[in-house]
Amino acid sequence: MENEKITVVVTGFGPFGEHTVNASWVAVQEMEKLGLGEEVDLNIYEIPVEYQTVQRLIPALRKKHKPKVTVHVGVSGMATAVTLEKCGHNTGYQGLDNCKFCPGTQCCVEGGPECLHSIIDIDTVCKRAAEAGLDVQFTVSTDAGRYLCDFTYYTSLYQSCGRSVFIHVPPLGKPYTAEQLGQAIQTIIKVILDMLEQSEDHLNCGHSYN
C-alpha cells in the first residue's frame, strides 16, 4: 500500500499599501516551483489583506485539506532576515485592511487567550534552517505586528490547535531575490516536516487552545 501523502497548506498575501507586489506571495510561488517532494501534497493560496476574508478562509482551508501543518508567509518592510514568528496575538488590531475595515472588538477571538504559540519549536526550526547553508539569514520574533499577519497567525493557531507557523520575509531585493526567499521557505517547511515526523511527542503542547 502506498504511503499516504502529507498535506501541507502554505499561504501568502495579496497586495496592500506600498506592497503592490507582495513578496510573500511571490516567495510562496517560488517555493511551489521548487516543490517539497513527492510525498507532500502541497496546496498554496493567496490571501487578500482583509480581516473578514481571513476569518472565513482559514477555517475553510483547514476543513478542506486537514493539513499536517499550515505555513503562512507575510511581508514585513522592517525585516532584513527571514523571520520565524513564535506567537500570534489576540488583541490590538486597529490598522484598517484593504476594505478600510478593522474588527470592532479589535480582536481575533473574543474571550481567547491573549497569546497563542505554535506547537512546533520555532527556535529549533530557525537553528536547523540556518544550518542548511543558504545565503539567507534566519531569525525569530515574538511580535508579528498586530496587523493582518498577526491576525492570520492567531486565527490559524486557534483553529489548528497550534499546528501553524508564520514566516515574515523582507520585500523583494531587500536584500533577497524571489528565488532565495522561495528556497528559504522550502527549507523551513522541510525542517518542520522532519521535526514532526521524528517526534510528535516533542511538540510544545503546553498551551491551551480552548
Side-chain angles (χ1 to χ4, degrees), residues 6-13 23-25 27-32 34-37 39-45 47 58 61-62 65 67-76 78-89 115-145 149-150 152-170 175-176 178-207 209:
I6 297 160
T7 302
V8 176
V9 169
V10 184
T11 72
F13 286 97
S24 68
W25 180 236
V28 169
Q29 290 173 298
E30 286 293 330
M31 179 277 300
E32 186 188 36
L34 296 167
L36 294 172
E39 69 283 3
V40 176
D41 173 23
L42 173 61
N43 303 272
I44 70 168
Y45 291 89
I47 298 182
I58 298 299
L61 291 178
R62 178 146 195 83
H65 295 291
K68 191 172 183 81
V69 67
T70 303
V71 177
H72 304 286
V73 186
V75 66
S76 168
M78 294 180 294
T80 55
V82 173
T83 305
L84 289 135
E85 299 291 348
K86 285 187 157 189
C87 52
H89 300 90
C115 195
L116 288 178
H117 290 73
S118 176
I119 58 168
I120 294 147
D121 184 338
I122 299 298
D123 287 314
T124 300
V125 174
C126 185
K127 181 170 173 285
R128 291 188 185 174
E131 289 166 355
L134 299 180
D135 193 18
V136 173
Q137 294 290 312
F138 295 91
T139 188
V140 296
S141 158
T142 55
D143 182 6
C149 291
D150 212 342
T152 298
Y153 196 18
Y154 187 95
T155 303
S156 188
L157 288 166
Y158 191 85
Q159 293 285 336
S160 69
C161 296
R163 281 185 171 268
S164 303
V165 172
F166 197 101
I167 305 165
H168 263 126
V169 296
Y176 304 119
E179 292 80 8
Q180 284 176 304
L181 294 177
Q183 285 179 328
I185 293 164
Q186 179 200 43
T187 298
I188 288 167
I189 297 171
K190 285 186 164 184
V191 166
I192 290 166
L193 292 177
D194 282 347
M195 286 169 64
L196 287 173
E197 192 181 359
Q198 280 166 16
S199 181
E200 290 277 347
D201 302 331
H202 290 172
L203 293 177
N204 179 14
C205 292
H207 302 282
Y209 291 89

For the pair Q198 and D194, evaluate side-chain contact (heavy atoms from CB on, under 4.5 Å) and give the outcome as yes or no after the intermediate values.
CA-CA 6 Å; Q198 280 166 16; D194 282 347; 4.2 Å; yes
How close do [X] and [Y] get, counting heavy atoms only, and between which atoms?
X	Y	value
I188	A129	CG1-CB, 4.1 Å
S24	V73	CB-O, 3.3 Å
S156	H72	OG-NE2, 2.8 Å
Q180	D135	NE2-O, 3.5 Å
M31	G182	CB-O, 3.7 Å
T83	S141	CG2-CB, 3.5 Å

Mind checking whether [X] and [Y] have side chains closer than 4.5 Å, heavy atoms only?
X	Y	result
Y176	V169	no
T70	R163	no
D150	D143	yes
I6	L196	no
Q137	T80	no
Y45	V9	yes
V165	V125	no
C149	H168	yes

With side-chain contact (heavy atoms from CB on, under 4.5 Å) as the criterion, how do L61 and T11 come out once you've worked through the C-alpha distance, each side chain's angles and the decisive distance to 0.1 Å?
CA-CA 10 Å; L61 291 178; T11 72; 4.3 Å; yes
Return the [atom1] to [atom2] distance between [X] and [Y], rounded to the nearest 0.5 Å.
X	Y	atom1	atom2	value
I167	C126	CD1	SG	10.5 Å
I185	L36	CD1	CG	10.5 Å
S164	I58	OG	CD1	8.0 Å
F138	L84	CZ	CG	7.5 Å
L116	S160	CG	OG	9.0 Å
E30	Q183	CD	CD	9.0 Å

Output yes when a side-chain donor or acceptor of Y153 lies under 3.5 Å from a complementary backbone atom of E85, and no otherwise.
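Present.
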After noting the C-alpha distance and the side-chain angles of L34 and E179, does the key distance pass the side-chain contact (heavy atoms from CB on, under 4.5 Å) rule?
CA-CA 9 Å; L34 296 167; E179 292 80 8; over 6 Å; no
A quick test of your reading: do over 12 heavy atoms of other residues, nucleotides or ligands sit less than 6.0 Å from CD of Q29?
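Atom CD in Q29 is packed in, count exceeds 12.
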